[in-house]
Protein chains: 2
Amino acid sequence: MKRHRNGEIWNFESQTPAAGAGVILGLDGGTTSTVCVCLPVAMPPAGPLPNPLPILSRAVAGCSNHNSVGETAARETLQEVMAQALSKACSSRAAVQAVCLAVSGVNHPMDQQRLLDWLRDIFPSHVKFYVENDAVAALASGTMGKLHGCVLIAGTGTIAYGFTEDGREARAAGAGPILGDWGSGYGIAAQALTAVMRAHDGRGPQTKLTKNILDILGLSSPDELIGWTYADPSWARIAALVPVVVSSAEDGDEVANRILYDSVQELADSVIAVVRRLRLCDGGDTFPLVMVGGVLEANKRWDIGKEVINCISKVYPGADPIRPKVEPAVGAALLAWNHYIKEL
Amino acid sequence: MKRHRNGEIWNFESQTPAAGAGVILGLDGGTTSTVCVCLPVAMPPAGPLPNPLPILSRAVAGCSNHNSVGETAARETLQEVMAQALSKACSSRAAVQAVCLAVSGVNHPMDQQRLLDWLRDIFPSHVKFYVENDAVAALASGTMGKLHGCVLIAGTGTIAYGFTEDGREARAAGAGPILGDWGSGYGIAAQALTAVMRAHDGRGPQTKLTKNILDILGLSSPDELIGWTYADPSWARIAALVPVVVSSAEDGDEVANRILYDSVQELADSVIAVVRRLRLCDGGDTFPLVMVGGVLEANKRWDIGKEVINCISKVYPGADPIRPKVEPAVGAALLAWNHYIKEL
């Protein structure tokens, strides 16, 4: 364990017992916030997991996507949130047995390697590390730590990520709005804004989206949407318009319905591509299909999540839809715990 | 004429004759550069214009789109380029009779009003001002200053802008990439990048775009396109991939061909929407269709501009395609000159 410039983060350790009970850390690092949970190593290694899980502590911090805030800020956030979780659990780095860091923006083995090297520098040498894309934590949150099946995330962004039981993996989408994540919240909202512009200038049909979107944004003309859109490049700000699109579709607006049906197909296509490549459903096998994110969670008449499941089930009847009962950070911790138990 | 903080821009005027011959300024302000030309008022008010035009001077500066660089920087650029053009023409503000400022980012009467107020503050009170979107200068560059017909611009962005002879105007598209300018250079390239991601993760068919785009960017895998794309938010950098899409289509790639045909339809739809709203082609009237921008100027086997004209002509046979022989800043100057002569 080397000294860090910001070593004061770890000062609390001088007041914790030298050899506490072993713990596991699970981190879910997104573009909005980062969550770290601490679990005890001592859970029954076979049979059902304790319910509720004996979560020792939970800490929350800001964004840890290095593409968004830069590498230095991302690492400081990760270090702080881990220190906070350990401090709240009255534990210390000496007690840590395994860490699973699941962060958005990990798209390449190089991203993974850099984070692994950095973790090794912070923790004692015996600690096991797992660095993954945050989609993997979401999958594990639905399967209680088992890496098998496919997860579909559709919030501001979207990605499908799958694992076979023998460790092969595949992903689809997750490349952001410029590279065609049309089923994401951002994609749905951008298509709705586009439909308003097209109705306004005569390229497209009239739509209730015009009045509904202008009302909610307090604007008086579609021309003002241009200024509104480019005033702030935040993807989440655009994606926040999804509920207006859903309510317009529920109101019978054809343009809004078309956008939602297209997005359902896009989201289903991502899952289908992953399942096909991994042969998750060969010979009628069933596989967990974990569904996560605001776009899939709307419990309204127009239920995007339900439509996506229908669409996938027509191609792969073995899809077993799961809405996770624990958060992704817990999924990450269970994943680290599973790995650790197996390696023992 | 008030004093300005940056009044030293105008110091050269103390060395120019108190009452020089009357001049006209035309400005074309884009996101990349701003051009100002100076024409003499004394040209024959009827009959054909002199050929070549007696352009007194030409000055070039950087970006003057206030959405892109902010209002202060945009105005400094505009003031500097006007001062430079007058200084090169051995003229001064006292000789200016009319100014046409055609700048990108003027989307709303409020944008127009702010620039008019600012111009009034710089020039003597008798000067006539015309503030327009830069598309208007492009139209005037094809019609030699007459505001009639429709211009289609397709470079990094795209817009269609039209005027009737009695002064009604309409536009379509021009709302940037988030709001659906799919026929633009940026739109074409973003669709190509998306097609590469879809081929890579199994959502879409294989395409020659993959090898061709990775080769030109020096990348080894489509995964690396994510980092490349979001490393720099410049739209022009993405749009620079259009020639790869065109050459892939010429090579027979179906995905690239589909993207180009869809973009042709998008571009034609913009013009058709404007012509329909303005009734430019009622009763078989002909109207000037001015075509401007890199996307429309490719003189290859796959000629996007030619295909767009074909597409429009099927709906409006009266479209009379024009490729401008002068630059948009000259169009702006001719527009100011025409207005000025009429008002005399």
Side-chain angles (χ1 to χ4, degrees), chain A residues 66-68 105 107-111 159-161 170-183 186 189-204 221-231 233 235 238 265-266 268-278, chain B residues 65-68 105 107-111 159-161 170-183 186 189-204 221-231 233 235 238 266 268-278:
Chain A
H66 66 98
N67 286 330
S68 175
N107 295 311
H108 199 267
M110 251 162 55
D111 302 326
I159 189 170
Y161 213 113
R171 59 179 271 185
I178 302 180
L179 299 173
D181 284 357
W182 290 112
Y186 176 92
Q191 286 172 84
L193 289 168
T194 296
V196 172
M197 296 312 293
R198 296 177 75 94
H200 178 60
D201 67 24
R203 283 177 296 156
S221 151
D223 288 327
E224 295 173 18
L225 277 179
I226 303 179
W228 180 85
T229 300
Y230 299 102
W235 299 342
I238 307 264
Q265 190 62 55
E266 286 285 328
D269 283 351
S270 297
V271 172
I272 289 166
V274 167
V275 174
R276 188 194 307 124
R277 274 161 64 203
L278 295 178
Chain B
N65 182 327
H66 66 99
N67 286 331
S68 176
N107 295 311
H108 199 267
M110 251 163 54
D111 302 327
I159 189 171
Y161 213 113
R171 58 180 272 184
I178 302 179
L179 299 173
D181 284 357
W182 290 112
Y186 176 92
Q191 287 172 83
L193 290 168
T194 295
V196 172
M197 296 312 293
R198 295 178 76 94
H200 178 59
D201 66 25
R203 283 177 296 157
S221 150
D223 288 327
E224 295 173 17
L225 277 180
I226 304 179
W228 180 85
T229 300
Y230 299 103
W235 299 343
I238 307 264
E266 286 285 328
D269 282 351
S270 297
V271 172
I272 289 166
V274 167
V275 174
R276 188 194 307 122
R277 275 161 64 202
L278 295 178

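Both backbone and side-chain heavy atoms feed into the values below; hydrogens, waters and symmetry mates do not. Every chain is numbered from 1 and lettered A, B, ... according to where its sequence line falls, protein lines coming before strand lines. Not measured: the values here are computed from a predicted model.
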| message | Under 4.5 Å from any heavy atom of chain A, what part of B/Ala170 do you find: side chain, backbone, both or neither? | response | neither
| Heavy-atom contact with chain A under 4.5 Å, split by part of B/Pro222 | neither
| Considering residues at least two apart in sequence or located in another chain, which fulfil the salt bridge (charged side-chain N to carboxylate O under 4.0 Å, His left out) criterion with B/Asp269? | none
| Who are the salt bridge (charged side-chain N to carboxylate O under 4.0 Å, His left out) partners of A/Arg277, not counting sequence neighbours? | none
| message | Please classify the contact of B/Arg203 with chain A as side chain, backbone, both or neither, using a heavy-atom distance under 4.5 Å. | response | both
| remark: Most contact-rich option vs chain B, by heavy-atom pairs under 4.5 angstrom, among A/Ala192, A/Ala195, A/Gly180, is A/Gly180
| So which heavy atom on B/Leu179 is nearest to which on A/Thr229, and how close? | CD1-OG1, 3.6 Å
| query | Checking heavy atoms, do the side chain of A/Arg276, its backbone, both or neither come under 4.5 Å from chain B? | reply | side chain
| Would A/Trp235 and B/Ile178 satisfy side-chain contact (heavy atoms from CB on, under 4.5 Å), going step by step from the backbone distance to the final call? | CA-CA 10 Å; A/Trp235 299 342; B/Ile178 302 179; over 6 Å; no
| task | Quick one: which of A/Arg198, A/His200, A/Gln191 has the most heavy-atom pairs under 4.5 Å with chain B, could you say? | result | A/Arg198
| field | A/Ala173 portion near chain B, given a 4.5 angstrom heavy-atom threshold | value | both
| field | Closest-packed option against chain A by number of heavy-atom pairs under 4.5 Å, given B/Ala175, B/Gly176, B/Gly105, B/Gly174 | value | B/Ala175
